[in-house]
S.K.: 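I have a structure I would like to understand better, so I am pasting it below and will then ask my questions one at a time.
Note: hydrogens, waters and symmetry copies are ignored here, and every other heavy atom, side chains too, is used.
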Amino acid sequence: MQLVIVESPAKAKTIEKYLGSDYRVLASYGHIRDLPPRDGSVNPDEGFAMEWENYADKAKQLKAIADLAKGADRLILATDPDREGEAISWHVQEVLAKRKALPKDVQRVTFNAITKPAVTQAMANPRQLDTDLIDAYRARRALDYLVGFTLSPVLWRKLPGAKSAGRVQSVALRLIVSREREIEAFRAQEYWSVTANLEQDGTPFVARLVQWEGKKLDRLSIGNEGDALRAKADVEAGRFAVESVETKPATRNPPPPFTTSTLQQEAARKLGFSADHTMRIAQQLYEDGAITYMRTDGVQMDGSAISAARAAIAQRYDGGYVPDKPRMYQTKAKNAQEAHEAIRPTDFSRDRVGSGDHARLYDLVWKRALASQMASARMERTTVELADGTGRHVLRATGQVVLFPGYLALYEEGQDDSQDEDAKRLPRLREGDSPAKKGVDAEQHFTQPPPRFSEASLVKRMEELGIGRPSTYASIIKTLKDRAYVRVEKNRFFAEESGRLVTAFLERFFERYVGYDYTAGLEEELDDVSGGRAQWQAVLEAFWRDFKPRTAEVMEQKPSEVTAQLDQFLAPYLFPDKADGTDPRLCPACHVGSLALRGGKFGAFIACSNYPECKYTRRFAQGGEAGEDAAPEQLGHDPETGLPVERKSGRFGPYIQLGDGKDAKRASIPKDIGELDLEMALKLLHLPRVIGQHPETGKDIAASIGRYGPYLVHEGKYARLQSTAEVFETGMNAAVVKLAEAAAGGGRPQRGAARAPLKVLGAHPRTEAELRLMEGRYGPYVTDGTTNATLPKTIAPDQLTLEEAAQLIDARAAAAPAKKPAKKKAPAKKVAAKAEAGAAKAPAKKVAAKKVAAKKAPAKKAAAKT
């Protein structure tokens with residue numbers, strides 16, 4: 001018997017169909033062990049020795065693999081053809097060796113596509129494990145561990161509220177924060193454009209003023225309305241004739257097939273997929289045998305695939321769409337150690353696979369790969385210049401005509417933040433022609449700041465800088481979201497205050513380690529390890545020699561000293577110069593104290609130096625004058641206590657405070673109350689509101705507002721309310737009915753129970769089942785009616801998106817098979833059936849008692865002997 005090990009059960013199922021009865025294929029379900037999250041897992045003093053620990057949830061699978069391995073003649077490690085796949089195979093081999101279950105014959109096979117020809121060919125050409133790739137994996141894993149477990153404790157102790165830092169994660173975050181600073185520093189500049197609406201032979205076209213009063217104009221030349229109106233008048237008064245017509249041929253070549261990063265970019269642009277979602281769908285398409293391996297730097301296709309693509313093009317279009325020679329592409333990656341084939345369909349005759357997101361992503365891969373072998377598009381670009389009688393004013397019109405679409409008939413690559421050129425078709429014009437003038441426009445414009453990063457543009461920028469590797473981009477971006485260092489709005493990244501603060505801290509105290517060039521250089525060193533050109537421990541030693549002393553130096557500083565240095569470092573953002581020349585640090589509340597950065601239990605904030613006399617504070621994120629509105633707003637005084645009632649802004653948003661000091665009472669301000677006044681503030685501060693005594697129990701029924709919104713409570717049982725207004729308006733009769741309806745739901749949410757969801761998210765993009773957010777006994781969860789997935793603590797229920805919910809359901813459904821030993825339970829059912837059949841002769845309780853007693857007796861004897 002020959003034992004084959006792969007990563008996933010789907011891959012195992014597919015491969016087992018291709019192999020003979022002598023083969024058994026088992027899945028490891030990904031990595032089987034990792035460095036335990038505790039100090040000492042990597043020991044720099046002993047050559048960076050690593051202590052590995054098996055995942056607890058993989059115990060059953062490892063036992064199954066070990067049991068079969070003991071009786072196997074050969075072990076075939078067939079995990080993915082990249083560094084991570086090599087590492088998984090190495091881990092399996094190491095674990096089996098420790099358990100003395102490793103067969104004498106161990107071989108490694110790799111295939112780029114899960115098809116019968118690819119698998120059988122790989123099985124016929126085995127190799128040994130690649131020690132260079134394994135060393136590269138160990139080096140990266142050790143580096144990430146050392147940075148995380150050395151730098152993160154520094155953050156926790158010196159920067160309250162910070163969560164973690166990472167070798168590549170922090171550099172990616174710096175890109176987003178730096179772009180935010182560029183946008184804030186940007187000052188819009190006014191400019192005007194003057195265009196003429198012309199017509200020739202019934203065809204309208206637009207020409208732009210490019211020369212005025214004998215001077216050539218660039219985009220910003222006309223900077224005010226006065227000049228724009230004068231220029232407009234000159235164009236209106238002039239008689240323009242064609243001075244020159246220039247026509248140039250142009251060619252557009254198709255882009256290469258997808259790599260990991262370009263697939264992530266294009267899926268984000270055209271399909272709106274996150275990088276994480278793209279990779280999950282691509283993994284499933286790969287395991288189903290539909291596409292080749294999706295983690296690759298390579299842009300070249302196999303020769304047989306190129307021939308198949310050219311044949312598919314000839315069948316779909318005429319011969320003119322097939323170039324004379326196959327197209328060959330070269331990767332731009334500095335060191336494509338994972339450069340296998342580009343991502344392509346395994347069968348070009350299949351133009352559709354699956355449904356929903358699977359079908360959409362496959363269609364994108366299929367079109368891109370096919371287009372890469374199609375003929376170039378041929379175009380004709382025409383530029384026409386028209387001058388008035390004086391020759392001092394010149395208009396220019398441009399147009400483009402596609403003579404032969406070539407690959408554009410099938411596919412056109414998307415672009416980030418592109419400004420489309422005027423590609424409209426121009427009428428036929430000759431020198432001396434004088435088109436009819438239909439009107440002249442002068443339009444005001446303002447220069448725009450650089451756009452915030454989208455997932456596509458962030459991945460593209462990281463690849464350009466050499467930060468990280470394509471296979472890691474999805475996890476990096478997901479970590480930034482999970483840590484709440486960034487938020488995503490309209491597919492753009494916004495830096496959160498925690499992200500800005502962590503970045504500032506790292507730039508101030510660890511500038512070298514968040515440098516783009518340094519990070520890219522370290523990536524190249526790790527690539528050298530994978531290529532056998534560098535020794536992995538030497539690379540780690542060079543890093544650790546400088547990094548460890550620097551972290552120790554920062555750790556010795558007091559938190560107050562760190563905050564003071566950050567205060568100076570962030571001064572341009574927190575306290576920008578004011579237009580009136582006044583001191584930007586002057587407290588707006590007392591007009592005496594000076595504002596400065598402070599650290600608190602829940603993070604950084606701005607406070608007045610005149611504390612406790614002045615209690616003015618504002619959030620860290622409210623840089624400069626944006627924070628002026630954050631001063632406490634006094635709503636009035638409580639008529640019962642005489643204490644002041646103030647509206648404030650805190651870490652978790654706006655809130656109301658009654659009184660001062662430790663005894664102050666606080667309440668969050670719900671979003672649905674409209675304009676807040678003293679009356680509403682006092683109502684919120686005095687919650688919970690007792691509605692009365694339940695007519696059956698005589699116990700209080702109260703209404704209040706909790707973490708997940710307004711609710712009723714009676715004897716520990718709850719019922720949801722729909723709005724804040726209901727907290728104050730619900731009467732006894734309505735409260736009793738709502739509590740009874742909630743009780744009918746059973747307390748614990750059950751499938752099919754008539755219980756109102758917290759939120760209906762919409763249809764699952766792949767299964768089309770309705771996804772709902774529910775409140776469960778152990779917290780909120782997502783359900784599609786069949787599968788339930790607990791909501792992670794990193795996702796706020798009110799911020800959960802449809803895509804995130806679908807991913808949670810998919811992940812939970814994918815994990816389900818690992819937990820079902822259904823076949824082993826069958827005998828138990830038969831025993832139960834026999835017990836029922838014999839119930840008339842012997843009561844079930846007595847039988848159970850005899851069985852339990854019989855089982856316990858030997859245990860007692862054994863205990864006595866010991």
S.K.: Do other residues, nucleotides or ligands put more than 12 heavy atoms under 6.0 Å from Glu613 CD?
M.R.: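 More than 12 within 6.0 Å, yes.
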S.K.: Going from CG on Leu175 to OH on Tyr516, what distance comes out if it is rounded to the nearest 0.5 angstrom?
M.R.: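 Answer rounded to 0.5 Å: 4.0 Å.
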S.K.: Looking just at side-chain N and O atoms, do Glu455 and Gln264 make a donor-acceptor pair shorter than 3.5 Å?
M.R.: no
S.K.: What do you reckon, is NZ of Lys665 surrounded by more than 12 foreign heavy atoms closer than 6.0 Å?
M.R.: yes
S.K.: Taking the six-membered ring of Phe453 as reference, does the cationic atom of Arg179 (NZ for Lys, CZ for Arg) lie under 6.0 Å from its centre and within 45° of its axis?
M.R.: yes
S.K.: Do we see a donor-acceptor contact under 3.5 Å between the side chains of Ser274 and Asp276?
M.R.: no
S.K.: Indicate, with yes or no, if the rings of Tyr718 and Tyr711 have centres closer together than 6.0 Å.
M.R.: yes
S.K.: Cut-off 3.5 Å, side chains only: do Thr641 and Asp638 have a donor facing an acceptor?
M.R.: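 Yes, because at least one side-chain N or O of Thr641 sits under 3.5 Å from a partner of the opposite role on Asp638.
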S.K.: Got more than 12 heavy atoms from elsewhere within 6.0 Å of CG, Asp517?
M.R.: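 For Asp517, atom CG is not crowded (no more than 12 foreign heavy atoms under 6.0 Å).
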S.K.: Going by atom types alone, do Ser261 and Glu463 pair a side-chain donor with an acceptor below 3.5 Å?
M.R.: yes
S.K.: Judged by modelled atom types alone, do Ser457 and Ser454 share a side-chain donor-acceptor pair under 3.5 Å?
M.R.: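 Yes, Ser454 and Ser457 have a side-chain donor paired with an acceptor closer than 3.5 Å.
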S.K.: Using the ring centroid of each side chain, check whether Phe547 and Tyr513 are separated by less than 6.0 Å.
M.R.: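 Ring centroids of Phe547 and Tyr513 are less than 6.0 Å from each other.
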